[in-house]
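Worksheet: one structure, shown below.
Numbers for residues simply follow the sequence, beginning at 1.
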Amino acid sequence: MSMLKKYRIIAFAALSCAAAMTMAAPSRSASGIAVSASLDTAVVEMGDRTHLRINIDMPQNAASGARIVDFPEIAPGSDYAVWNGLDIVATDTSSVVTDGYRRIKYDVTLQAFDPGTITLPPLAVLGGAGTDTAYSNILALKVLPVDVDSLETINPMEGVVSANNRWYDFVPEWFFWLFAGIAVIGLAIAAYVALHKRKVIVEQRRTPVIPPYELAMSRLNTLKLRNLPESGHEKEFYTELVDILRQYMQGRFGINAMEMTSTQIVKALRANAETRMTADQMRAVLSMADFVKFAKVRPMPDDNARSFAKAQEFVEQTKPQPEPEPETPEAASTDKNKNKTSK
C-alpha cells in the first residue's frame with residue numbers, strides 16, 4: 001500500500017468519525033427499546049470484509065417477537081444476501097438478560113465489491129405487540145478501489161474446457177474395488193479347493209485301504225490283548241467290540257450300522273442273503289452289549305469269552321471268499337480225457 005493511499009484512508013476515517021458524531025444518535029422508543037449500530041472499520045478495500053455490530057436493548061416483556069424490519073437473511077442454499085450494495089456473508093446472534101432487560105446482539109459480516117461511499121440507513125426494530133418502532137443511528141462505509149499496475153497485462157479469463165471422457169470414467173470407483181475383492185475371494189476359494197483335493201489324493205495314495213475283514217480281525221486281536229473284562233472294564237470292552245462289528249458290517253456289506261440300533265442291525269442282517277444265517281449270533285452279542293452299557297449288568301467271565309468268540313466267528317463266516325482261478329487249456333483237456341476214460 002502506497003503512502004498516498006494510507007493518508008487517504010486516515011483522512012477518510014477522521015472525516016467518518018466527525019460525521020458519525022454529527023449523525024442522529026439512537027434514541028429509546030416509548031416502549032423502552034433502544035438500538036445502536038457500529039462498524040468495526042469504516043474504510044475497506046474492494047473485496048475486504050467488515051463487521052456490523054447491532055445491539056438491541058428492550059424490556060423482557062417486549063422481547064417476544066422482536067425483529068429488525070426489512071433486514072435480509074441468507075436464504076438456504078445461498079452463500080450471501082444483498083443489502084444496500086453490500087453482501088451479507090454471515091450472521092451471528094446472541095442474547096443476554098440483565099435486570100429485566102434483554103440485550104440482543106447481531107454480528108453481521110459484510111463484504112464490499114463496488115468502490116465508493118455507502119450510506120447504511122437506520123435499522124428499524126419492532127418489538128412485541130403494542131410496542132413502538134425504534135431506529136438505530138446512520139452509518140457510512142467507504143470502499144476504496146484496488147490499484148492496478150498498468151504495466152501488467154491483464155488477460156481475459158479462459159473458458160471452461162470439457163475433458164475427454166472415456167467409458168470407464170462413468171464407472172464409479174467403488175465398482176472396481178468390489179470387482180477386485182470378488183476376484184481375490186474367488187481365487188482364494190479356487191486355490192483352497194485345489195490344494196484340499198490334492199491333499200486328499202496324496203493321503204489316499206499314501207494310506208493303503210485295508211480290507212474290512214483284515215481290519216476287523218486286527219482290531220479284535222488288539223482288543224483281546226488288552227484284557228479289559230479281567231480289569232473290570234466290561235463297558236469299555238463291549239463298546240469297542242460292537243464298534244468293530246459295526247464298522248465291519250458297513251465296510252463289508254454296505255449296512256449303515258454306525259447309525260443303527262441293535263434291533264435295526266439284526267433286521268438288516270436277516271434281510272441280507274450273505275448274513276441271514278449269522279443274524280442270531282450277532283443278536284446275542286448286541287443284546288449282551290446293551291445290557292452292559294445301559295442296564296449296567298456285570299456279565300460273567302464266560303459271557304465275555306462267549307461274546308468275543310461269537311463276534312470273531314461272525315467275521316470269519318462272512319469274510320469274502322477267494323475268487324476261483326481261471327481254468328487253463330491244459331487242465332480243461334485233462335478233465336475231458338478223464339471223462340472219456342470213465343465212460
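When all heavy atoms are compared, the tightest approach of Leu139 to Ala37 is CD2-O, 3.6 Å. Pro122 and Ile138 make their closest contact through CG-CG1, 3.6 Å (heavy atoms, listed as atom of the first residue, atom of the second, distance).
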Apply side chain to side chain contact (heavy atoms under 4.5 Å, CB included) to residues Met249 and Leu269 and explain how you reach the verdict. CA-CA 9 Å; Met249 285 183 282; Leu269 292 174; 3.6 Å; yes
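Looking only at atom types and distance, the side chain of Ser94 has no donor-acceptor partner in the side chain of Tyr106 under 3.5 Å away. Side chain to side chain, Asn304 and Tyr238 meet the donor-acceptor criterion of an N or O pair below 3.5 Å. Side-chain contact, Ser262 with Asp290: a donor N or O sits under 3.5 Å from an acceptor N or O. There is no side-chain donor-acceptor pair under 3.5 Å between Thr98 and Arg103. Residues Gln317 and Glu313 bring a donor and an acceptor atom of their side chains to less than 3.5 Å of each other.
Met46 places a side-chain heavy atom less than 4.5 Å from the side chain of Val143. Between Phe237 and Val292 the shortest side-chain heavy-atom distance does not fall below 4.5 Å.
Although no hydrogens or angles enter the test, the distance criterion places a donor-acceptor pair under 3.5 Å between the side chain of Thr318 and the main chain of Phe314. Proximity of a side-chain donor or acceptor of Asn221 to a complementary backbone N or O of Met217 within less than 3.5 Å is detected. One N or O on the side chain of Ser231 and one on the backbone of Leu228 form a donor-acceptor pair closer than 3.5 Å. Between the Arg246 side chain and the Ala257 main chain, a donor and an acceptor come within less than 3.5 Å of each other.
Between Arg270 and Asp280, at least one side-chain N (NZ, or NE/NH1/NH2) sits under 4.0 Å from a carboxylate O, which counts as a salt bridge.
Other residues, nucleotides and ligands contribute more than 12 heavy atoms inside 6.0 Å of the CZ atom of Phe113.
A side-chain hydrogen bond (donor to acceptor under 3.5 Å, both in side chains) with His51 is found for exactly one of Asp40, Asp107, Thr41, namely Asp107.
Every side-chain contact (heavy atoms from CB on, under 4.5 Å) that Lys224 has, sequence neighbours left out, goes to Phe308.
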